[in-house]
Amino acid sequence: MPYDPAHSEKRWQEAWESADTFRAVRDERPKYYVLEMFPYPSGRIHMGHVRNYTMGDVVARFKRAQGFSVLHPMGWDAFGMPAENAAMEQGGHPRDWTYGNIATMREQLKPLGLSIDWSREFATCDDTYVHQQQSMFLDMLEAGLIYRKSAMVNWDPVDMTVLANEQVEDGRGWRSGALVERRELTQWFFRISDYSDELLTALDGLNGWPEKVRLMQANWIGKSRGLQFSFATVDAPTGFDAIEVYTTRPDTLMGASFAALSPDHPLIKHLAETRPDIAAFCEECRRIGTTEEAIETAPKLGFDTGLTVRHPLDPAWELPIWIANFVLMDYGTGAIFGSPAHDERDHEFATKYGLPIRATFGPKGATLADADALIADAPYVPLKSEAVTYVRGFAGNADQTGEEAVAAAIAHAEAEGYGQGVTKFRLRDWGISRQRYWGCPIPVVHCDTCGTVPEKKENLPVILPQDVTFDVPGNPLDRHPTWRDVPCPVCGKAARRETDTMDTFVDSSWYYARFTAPHATTPTVAEDADYWMNVDQYIGGIEHAILHLLYSRFFARAMVKTGHLPEKSKEPFDALFTQGMVTHEIYKTTDERGRAVYHLPESVTDGKLADGTVVEIIPSAKMSKSKKNVVDPVNIVENFGADTARWFMLSDSPPERDVEWTAAGAEAANKFLNRVWRLADDVPKAGEDADLIRAAHRAIADVTKAIEGFAFNKAVAKLYELANAIGKSQAGGEQRREVLRILAQLLAPMVPHLAEEVWSNAGGQGMVVDAAWPKADPALLVSDSVILPIQINGKRRAEIEVPKDMPKEQIEAMVLADETVLRFMEGAPVKKLIVVPGRIVNVVV
RNA sequence: GCGGGCGUGGCGGAAUGGUAGACGCAUGGGACUUAAACUCCCUGGAGCGUAGCUCGUGCGGGUUCGAGUCCCGCCGCCCGCACCA
């Protein structure tokens, strides 16, 4: 009987559903919470989803078999810009578009046979989720975790609307094409920077996280020790007698050649009021977008204000005050001193504007002349841990490391009283205001009498109005009087609702906690959070390594502070795994006007279109609609079955790396699953093979280890080996069925439907999904002898087979008596003989 | 620009500092078949004077008895950069 996945997969999915197999329940078993980052409901599922959720499913099913009570939920990150864009482009309402997409994607996900507790499903745009998020917002506001301040946004002067960074292309608005300006707006902020030090220190405890993610977060938080001091100004306007400066390199103070201020610095803003040339320069600077990338890659621009400051170590020494477009008002004090000899940006700036470049140190042993000569064309920036010679030092020894010199300079400044050591963080507070409709409304009201006041909890949820249109750019909430105009919750007079909505990162910062009690009338329920938290294994893309994960770590702390999570959940994700993308080749032709035309993989056969046109094959890249290099999982499931899609997503590439989807690979996966089916379908009546039992137990050990280590591709390889061994074996009858049952159990986390078929064919009791994970018998794993390769001078020349625990001396004797060894030694005396037991022998002659 | 990562046969990849290329795909050969498909068996880094030898893990150096693995310097590609999700 041939394998028929369409029939078989449906049958087992129904069996699991009617047994309610995957409902997560609190019971006496130890719990295991596995979570994959929830999807944005873009319209259809893609292969990236299949890969992500299959990996999570392997873990969930594996842990279930190991006796854990598993929570494996699914939901939707449902607010965000694409829904509004769809409304603008095709009409309709963001809500309808979103829920329609969710319905489609749920129906596409279900045939994959994931072990998900669907009873816990929710979307972040559900009124109940909005309600609980607003309720927590009010608690956090009251706890002092939220405040308002002014911050920059991208402003499109033609569309009169705020743009996301993504909507700015080469400094222009994506729809209007107008030059974008930076504009200040009062916005809501979470005080994440209050937690900078803690979020940094706590990274050390996250042993289940990839080292690279911890490093990225540590660098993002950016703790630095530096000197804060003030420059006395010369003839500056009143109120600006001094300018506060922060520097991480106070040891280079003697190399200072200018002071540089941000265009947004108060002094510059003050000057701009009376100086049109300064105002014009600042306006030019503000035409750079708000992203750090744009600011740092833009050409360095400077403007000499004509004012000067006095050098703190020599009041007679005056430095010019420049305005520089690369100085950020957000970081430090918005003012720096330029020390071009030892900083890339300062060097470029000084060279461009003809400012002096004077070395403060050079390589060890350098003279003043050496050091000055060295930095003429490029700055000298050694590691801070490297010892250098200070030629214009003022604190500490002449020879010291940068670190020592910085410490000495801070000590000097503190002793002399012109500055003090300060610890600063790069991490800024989290701005959550979005001037957009499709997001969680911020539950506050602006009253002329009472100011900005929280909405009353009994008035929650503040629900988005349904009667809005998107034919005009901007936020429809701003022009919706009946929704916007409300009585003040304090005095009852006419007031105005906040029309900004929350950043969607807020939604995704606590959904993991909500899954523990998804239908509760409070944000969380203590007993449920207590039992299910923390997430034991979190799985998602590396692109979320910083923002989403850092915000979630902060939000968990904020929830602990406001009583919505237990203390132990400060770090909500015990272990993290970051998986790679799914890529595909790109097929391109060129139309008569020379423009690129892309073609879907299914329309290309052997590098040709149906009409015979040869396509250009561009190497694999992330699947994207615009390049049409997408494979629809729905088609794969229909043609081959879910197990084939799952198996292929797990085989070949290591999970953390990108995997390339190829038709050949999918067919190979399908071929293997068919072979497994035949093995189970056709069992010889009799035959003995003790080696097969050993192979099966070897496979149990290897597959278990591979799954635990997230090496699914290696688990797949080991299962190929076991299947090959079964195919070649003489074993029959119950002995063969026993091995087939082991195969079924080992396959079950990855290809659960086929595993059920194999299990039941091989006489397994009940369903394999309920079977306990097999244990390898240690006695069957060891072998009595090992093969030792022998190297002569590091090159492999021979091998010997020896008993596993043969003493070194005997091995040495055997090696030196070996014919091949003697031939290669050519009579030379042995200089050294290295025996690594059970591993290798190296003869050095 | 800054931060992080990756780079191994024709392809995806494997390898606690210890036999480079497990496992899979492609290729070539064979069996089965009237034939094909399916399936099964063998082959499967490159070169050469082919019982074997030499070279080979992006490039250039270094440490080591021994380096894909560790260190230094490059090159290329990918991810993130705070309003994409």
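The analysis underlying the following values was restricted to heavy atoms, covering all of them including side chains, and did not include hydrogens, waters or symmetry mates. Proteins get letters first, then strands, A, B, ... in listed order; numbering begins at 1 in each.
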Lys/Arg cation over aromatic A/W220: A/R426, 6.0 Å, 45° cone:
yes
Does a side chain donor of either A/Q217 or A/R553 reach within less than 3.5 Å of an acceptor in the other side chain?
yes
Could you check whether A/V162 gets within reach of a base, just the sugar-phosphate, or nothing at all, counting any heavy atom under 4.0 Å?
base
When rounded to the nearest Å, what value does the distance between P atoms of B/rC77 and B/rC23 take?
34 Å
Under the 6.0 Å and 45° cation-pi test, does A/R214 pair with A/W209?
no
Taking atom C1' in both B/rA14 and B/rG62, what distance in whole Å separates the two?
27 Å
Using the P atom as the point on both nucleotides, what is the distance between B/rG44 and B/rG21, in whole Å?
12 Å
How does RNA chain B read in dot-bracket, base by base from 5' to 3', with Watson-Crick or G-U pairs under 3.5 Å and | used when the partner is on another strand?
(((((((..(((.....[....)))..((((.......))))..((((...))))..(((((..]....))))))))))))....
B/rU19 and B/rG80: how far apart are their C1' atoms, nearest whole angstrom?
41 Å
Give A/K718 one of three labels, base, sugar-phosphate or nothing, depending on what nucleic acid heavy atoms sit under 4.0 Å from its own.
nothing
Between B/rG56 and B/rG45, how many Å separate the two C1' atoms, rounded to a whole number?
8 Å
Base, sugar-phosphate alone, or nothing: which one does A/G80 contact when heavy atoms must sit under 4.0 Å apart?
sugar-phosphate
Looking at A/R175 and A/D156, is there a salt bridge between them, counting it only when a charged N and a carboxylate O are closer than 4.0 Å?
no
Please find out if less than 6.0 Å separates the ring center of A/F38 from that of A/W76.
no
Quick one about A/N154 and A/T290 (side-chain donor to acceptor, distance below 3.5 Å, no hydrogens or angles considered), yes or no?
yes
Select base, sugar-phosphate, or nothing to describe what A/Q167 touches, counting heavy atoms under 4.0 Å on all strands.
nothing
Between A/K300 and A/E543, whichever has its closest RNA chain B nucleotide further toward 5' is A/K300
With nearest nucleotide decided by heavy atoms, which residue, A/D652 or A/I542, maps closer to the 5′ end of RNA chain B?
A/D652
Remember a base hit wins even if backbone is also touched, and classify A/F672 as base, sugar-phosphate or nothing at under 4.0 Å, heavy atoms.
nothing
With heavy atoms under 4.0 Å as the rule, sort A/V844 into base, sugar-phosphate or nothing.
sugar-phosphate
Quote, to the nearest angstrom, the C1' distance that separates B/rC32 from B/rG18.
45 Å
Would you indicate what A/K714 reaches in the nucleic acid, counting non-hydrogen atoms under 4.0 angstrom: base, sugar-phosphate, or nothing?
sugar-phosphate
State yes or no: are the ring centers of A/W430 and A/Y551 separated by less than 6.0 Å?
yes
With a non-hydrogen cut-off below 4.0 angstrom, is A/D77 in contact with a base, only sugar-phosphate, or nothing?
sugar-phosphate
Please classify the nucleic acid contact of A/Q187 as base, sugar-phosphate, or nothing, using heavy-atom distances under 4.0 Å.
base
Indicate, with a heavy-atom threshold strictly under 4.0 Å, whether A/H548 touches base, sugar-phosphate, or nothing.
nothing
In whole angstrom, give me the gap between the P atoms of B/rC70 and B/rA15.
14 Å
Separation of the P atoms in B/rU27 and B/rU39, to the nearest angstrom
13 Å
With a 6.0 Å cut-off on ring centres, are A/F648 and A/W661 close enough?
yes
If the test is side chain to side chain contact (heavy atoms under 4.5 Å, CB included), which one of A/V841, A/L833, A/V835, A/V836 qualifies with A/K808?
A/V835
Would you mind classifying the nucleic acid contact of A/V153 as base, sugar-phosphate or nothing, using non-hydrogen atoms under 4.0 angstrom?
base
Look at the aromatic rings of A/F555 and A/F190 and report parallel, tilted or perpendicular, splitting at 30° and 60°.
perpendicular
Under 4.0 Å between any heavy atoms, over every strand shown, what does A/T297 touch: base, sugar-phosphate, or nothing? Just pick one.
base
Under 6.0 Å from the six-membered ring centre of A/Y331 and within 45° of its axis: does the NZ or CZ of A/R428 meet both?
no
Regarding A/K300 and the six-membered ring of A/F349, is the cationic atom NZ or CZ under 6.0 Å from the ring centre and inside 45° of its axis?
no
Just checking A/R436: base, sugar-phosphate only, or nothing, at a heavy-atom cut-off of under 4.0 Å?
base
Check: A/D77/A/S508 side-chain N/O donor and acceptor closer than 3.5 Å:
no
So the contacted stretch of RNA chain B, first to last nucleotide with an atom under 4.0 Å from a non-hydrogen atom of chain A, runs from B/rG1 to B/rA85
Is the glycosidic angle of B/rG61 within 90° of 0, making it syn, or outside that range, making it anti?
anti
Under a 4.0 Å heavy-atom cutoff, the residues of residues 719-729 of chain A touching RNA chain B are A/Y720, A/E721, A/N724, A/K728
Which heavy atom of A/A151 sits nearest a heavy atom of A/Q187, and at what distance?
O-NE2, 3.4 Å
Name the nucleic acid region contacted by A/L427, choosing base, sugar-phosphate or nothing; use a 4.0 angstrom heavy-atom cut-off, strictly under.
base
